[in-house]
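Read the numbers this way: they start at 1 and go in the same order the structure lists the ligands and their atoms.
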Amino acid sequence: MENWKPAAPTPSDLGDRELPQLSDALAGKQIALMVSGSIAAFKTPMVARELRRHGAAVTTYASRSALRYVSAEALAWSSASPVITELSAEAEHLSDTRPFDAYLLAPATYNSINKLAAGIADTVITSALASAIGRVNQGNAQLLIAPAMHGSLHNPIFEASIERLQQLGAKVIPPRDAYGKHNLPDEQTLVDAVIEVLG
Ligand SMILES: Cc1cc2nc3c(=O)[nH]c(=O)nc-3n(C[C@H](O)[C@H](O)[C@H](O)COP(=O)(O)O)c2cc1C
């Protein structure tokens, strides 16, 4: 490799957090990016940025476990919005003053999928998604779920929960299967699925 002769980058009109727009497919859409505690959470700032490249406004929710694998600061920077890591008197789980068009649970853990299917609402993610299921049921929102986990967690409990959630109107984005794991699909695949369900 040759020595690099230092040269300043070409100036840009874009602000630090702004992104070049790829399309307006999600213009005006409010998207909740729900990050649960799979190791694949470290990829989610790229998902937030890809959503924004298509015009979406992104609000990120992160579970306590998710914050072991991705920082709140990286999520806030990439989504250009504060990250919801705790529920407060603002009742962030309901988000009724600014309803979401779609909720994207990516990565979706075994834990959060099963809790959601069982009607448990005891984390930032499961509380907000309990409300999401109500909105899906009323035809006011879309819920997309992208499971990511080791193959040993693909058990009958998981299968029954996935079936139940699909009956309830959730759309499951098939994982990218490799090396005995359900892996999180790349950010373009996730965002294409959001664009598809929002028509
Ligand atoms: C290093 C590490 C990686 C993990 N990756 C996954 C994963 O990919 N998928 C999964 O379902 N659980 C994974 N877990 C387990 C979850 O973090 C754990 O079940 C947690 O309770 C999930 O909480 P949440 O669903 O509230 O985020 C992992 C745990 C560790 C320690």
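For atom 31 (C) of ligand 1, the nearest protein heavy atom lies under 4.0 Å away.
At under 3.5 Å, not a single nitrogen or oxygen of S36, backbone or side chain, sits near a nitrogen or oxygen of ligand 1. Backbone and side-chain nitrogen or oxygen atoms of L153 are examined, and none is located within less than 3.5 angstrom of a nitrogen or oxygen of ligand 1. At least one N/O-N/O distance between T109 and ligand 1 falls below 3.5 Å. Between Y69 and ligand 1, no pair of N/O atoms sits closer than 3.5 Å. Polar contact check, S112 against ligand 1: a nitrogen or oxygen pair lies under 3.5 Å apart.
Residue A40 places no heavy atom under 4.0 Å from ligand 1.
Using a 4.5 Å heavy-atom cutoff, the side chains of W77 and R49 are in contact. Using a 4.5 Å cut-off on side-chain heavy atoms (C-beta onward), E159 and H154 make contact.
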query: Can you check side chain to side chain donor-acceptor pair (under 3.5 Å) on T59 and R98, steps first, answer last?
result: CA-CA 11 Å; T59 303; R98 203 178 57 160; 2.9 Å; yes
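In A148, the part holding a heavy atom less than 4.0 Å from any atom of ligand 1 is the backbone.
Remark: side-chain polar atoms of S36 are paired, donor with acceptor, to backbone N or O of P107 under 3.5 angstrom.
Those atoms of ligand 1 that come under 4.0 Å of a heavy atom in S63, given as number and element, are 24 (P), 26 (O), 27 (O). Within ligand 1, the atoms closer than 4.0 Å to a non-hydrogen atom of G37 are 6 (C), 13 (C), 14 (N), 16 (C), 17 (O), 24 (P), 27 (O), 28 (C), numbered from 1 in the order shown. Within the listing of ligand 1, atoms 19 (O), 21 (O), 22 (C), 23 (O), 24 (P), 25 (O), 26 (O) sit less than 4.0 angstrom from a heavy atom of N111.
The residue from I113, N183, T109 that alone fulfils the side chain to side chain contact (heavy atoms under 4.5 Å, CB included) condition with M149 is I113. Just one residue in the list K115, M34, H93, R135 forms a side chain to side chain contact (heavy atoms under 4.5 Å, CB included) with L129, and that residue is M34. Checking each of E196, K29, K171 against Q142 for a side chain to side chain donor-acceptor pair (under 3.5 Å) leaves exactly one that passes, namely K171.
In this structure, the protein non-hydrogen atom closest to atom 20 (C) of ligand 1 is S65 OG, 3.4 Å. Nearest protein heavy-atom contact of atom 11 (O) of ligand 1 is Y110 N, 2.8 Å. For atom 6 (C) of ligand 1, the nearest protein heavy atom (residue, atom name, distance) is S38 CA, 3.5 Å.
Under the 3.5 Å distance criterion, with hydrogens and angles disregarded, no donor-acceptor pair is assigned to the side chains of T189 and D192.
With atom 5 (N) of ligand 1 as the reference point, the heavy atom nearest to it among I39, V35, N114, I125 is part of I39.
The minimum heavy-atom distance between G37 and Y69, with the atom names listed, is O-CE1, 3.5 Å.
Taking the six-membered ring for Trp and thresholds of 30 and 60 degrees, Y61 and F100 have ring planes more than 60 degrees apart, a perpendicular arrangement.
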